[in-house]
Student: 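Right, I'll just put the structure down here and ask away after.
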Amino acid sequence: MQREQVIVVKLGTSVLTGGTDKLDKAHMVELVRQCCELKKQGHHVILVSSGAVAAGREQLLKPCGRSLIDKQMLAAIGQGQLIHIWQSLFALYGVNVGQMLLTRADVDDRERYLNARDTLNALLNYDVVPIINENDAVATSEIKVGDNDNLSALVAILANANKLLLLTDQEGLFTSDPRTNADATLIGEVTHINDELRQLAGGSGTNLGTGGMATKLQAADIARRAGVEVIIAKGAGKNVILKCMSDELPGTRFLKLTAPKDGRKKWLLAGPKSTGQIVIDAGAISALQDKGASLLAKGVTNAFGRFERGDLIDLIDTKNQVIARGLTRFSSTEVNKIKGAHSNQIGELLEYDSGAEVLHRDDLVLL
Ligand code: GLU
């Protein structure tokens, strides 16, 4: 018997509409049945549900464009309808649902992140199924997560989930595009996410939802670093949710990595937006990756963007690859003054001595 788990189920628009322009309620009932079956087995279920924009379009009965403001208006119309449908379907099984609408701003700020986490946990403790979507009606581009794949990864981190199921209109990740290449084969298990795989994931597949395989891969990468196993599978598949919990795994599975134990490091993974980049040399990369060291000024070759002490920044290599992210102990102006300097020169360069570590080990996560 499996131990009780927290499972985040992400349902894309294409799954909820079955590829049509209307919500497929018959299929939604079927998904609810499976979620309730998991609950009966003692697991906790969280839904990240798209479909607000699609539901809004269905309700409006008038032609409407695809600009950001059109979509925001449609989300305002459709979100109520969407949650109403979920509520009535879960009620068939005597299960309550609770709606949470999030934006990136809710995870960027550590206090709001902790508030969201507490609400999510309280819902789970009361045996309620949280149903989460982006707060599309009010989210401007700066505070938008932008797609529900990445949102579901943040939710999985917030909830300390064991599994994230990204359900979509594809069977999983293929060796090439199965729509154009008959030889494409399904990748059953992914242990490393590299550039080749990112290339395979390509762009967006459907035009109703926002994400595609590329955003699913991003989401899978973030979640597995936080210790969450991720499965991409076809949402229309028979008993797909139940199968994801069995030995008969459908789709593509991404093995989880060892998660940082520190809650603050998990929050860093959940992706507050970075305000700048610090370029580091090969010696610094190896010190970070192999020796678990902090970043010293000596290993810094450049800094981009304007940031202050305590801001979140990305550490990149000379090819623009992100190596780590974390909270800087110096502003961008200071980093530019001390880059490449030996630790004993810092006091002189800045006219005050505040240590040689640009990023302390405790304040960074490797990517
Ligand atoms: N939040 C959008 C909606 O509910 C969907 C975003 C996505 O599919 O990634 O319609």
Side-chain angles (χ1 to χ4, degrees), residues 8-25 27-28 31 46-60 64-87 89 97-107 116 129-156 158 164-170 201-223 230 232-236 270-271:
V8 177
V9 182
K10 187 265 170 179
L11 299 163
T13 301
S14 60
V15 174
L16 299 179
T17 59
T20 68
D21 52 9
K22 288 193 167 55
L23 292 177
D24 178 354
K25 297 188 192 76
H27 190 50
M28 289 168 79
L31 295 165
I46 299 171
L47 286 195
V48 174
S49 171
S50 300
V53 174
R57 230 179 258 288
E58 187 180 337
Q59 290 279 300
L60 189 62
C64 176
R66 293 187 182 272
S67 69
L68 178 64
I69 191 71
D70 288 330
K71 285 192 189 154
Q72 288 189 293
M73 178 196 70
L74 291 171
I77 300 168
Q79 182 60 37
Q81 174 70 3
L82 181 66
I83 201 73
H84 171 71
I85 296 172
W86 284 128
Q87 200 162 32
L89 297 182
V97 301
Q99 170 178 266
M100 284 179 75
L101 300 179
L102 300 174
T103 63
R104 179 166 285 287
D106 297 308
V107 285
V129 172
I131 300 190
I132 298 172
N133 197 355
E134 179 135 39
N135 197 353
D136 291 309
V138 299
T140 53
S141 53
E142 296 89 69
I143 59 161
K144 246 177 133 39
V145 176
D147 63 82
N148 278 6
D149 296 320
N150 278 293
L151 179 67
S152 65
L154 307 189
V155 168
L158 268 177
L164 167 61
L165 317 183
L166 297 170
L167 301 187
T168 181
D169 56 355
Q170 310 282 316
S204 172
T206 57
N207 53 18
L208 266 181
T210 309
M213 274 302 159
T215 53
K216 285 181 183 56
L217 204 60
Q218 276 169 11
D221 202 12
I222 299 169
V230 182
I232 300 179
K234 190 170 180 130

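All of these numbers come straight from a predicted model, not from anything done at the bench. Read the numbers this way: they start at 1 and go in the same order the structure lists the ligands and their atoms.
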Student: Do Asp149 and Gln218 meet the criterion of a side-chain donor-acceptor pair at a distance under 3.5 Å?
Tutor: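 Judged by distance alone, the side chains do not pair up.
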Student: Between Asn150, Val53, Ile132, flag the one that comes closest to atom 10 (O) of ligand 1 by a heavy atom.
Tutor: Val53
Student: Is any N or O atom of Lys10, backbone or side chain, closer than 3.5 Å to an N or O atom of ligand 1?
Tutor: no
Student: Among residues at least two apart in sequence or on other chains, which ones pass side chain to side chain donor-acceptor pair (under 3.5 Å) with Thr140?
Tutor: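 With sequence neighbours excluded, Thr140 shows a side chain to side chain donor-acceptor pair (under 3.5 Å) to no residue whatsoever.
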Student: Are any of the N/O atoms on Ser50, whether in the backbone or the side chain, positioned under 3.5 angstrom from an N/O atom of ligand 1?
Tutor: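 Indeed, backbone or side chain, Ser50 has an N or O that close.
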Student: Only heavy atoms of Asp147, strictly under 4.0 Å: list the atoms of ligand 1 that pass.
Tutor: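 Near Asp147, meaning under 4.0 Å from one of its heavy atoms, ligand 1 has 9 (O).
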Student: Looking at Thr103, is its backbone amide N or carbonyl O close enough to the side chain of Glu134 to form a donor-acceptor pair, meaning the two atoms are under 3.5 Å apart?
Tutor: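 Answer holds: no.
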Student: Test your reading of the structure: does Asp136 have an N or O sitting under 3.5 Å from an N or O of ligand 1?
Tutor: yes
Student: Is the side chain of Arg57 donor-acceptor paired with the backbone N or O of Cys64 at a distance under 3.5 Å, no angle test?
Tutor: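 Yes; at least one donor-acceptor contact below 3.5 Å.
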Student: Gly51: heavy atom below 4.0 Å from ligand 1, yes or no?
Tutor: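 Judged by the 4.0 Å heavy-atom criterion, Gly51 does count as contacting ligand 1.
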Student: Considering residues at least two apart in sequence or located in another chain, which fulfil the salt bridge (Lys or Arg N to Asp or Glu O under 4.0 Å) criterion with Asp106?
Tutor: Arg112
Student: If we ignore hydrogens and angles and just use 3.5 Å, is the side chain of Asn133 paired with the main-chain N or O of Ser49 as donor and acceptor?
Tutor: yes
Student: Can an N or O of Asn148 be found at a distance shorter than 3.5 Å from an N or O of ligand 1?
Tutor: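 Indeed, backbone or side chain, Asn148 has an N or O that close.
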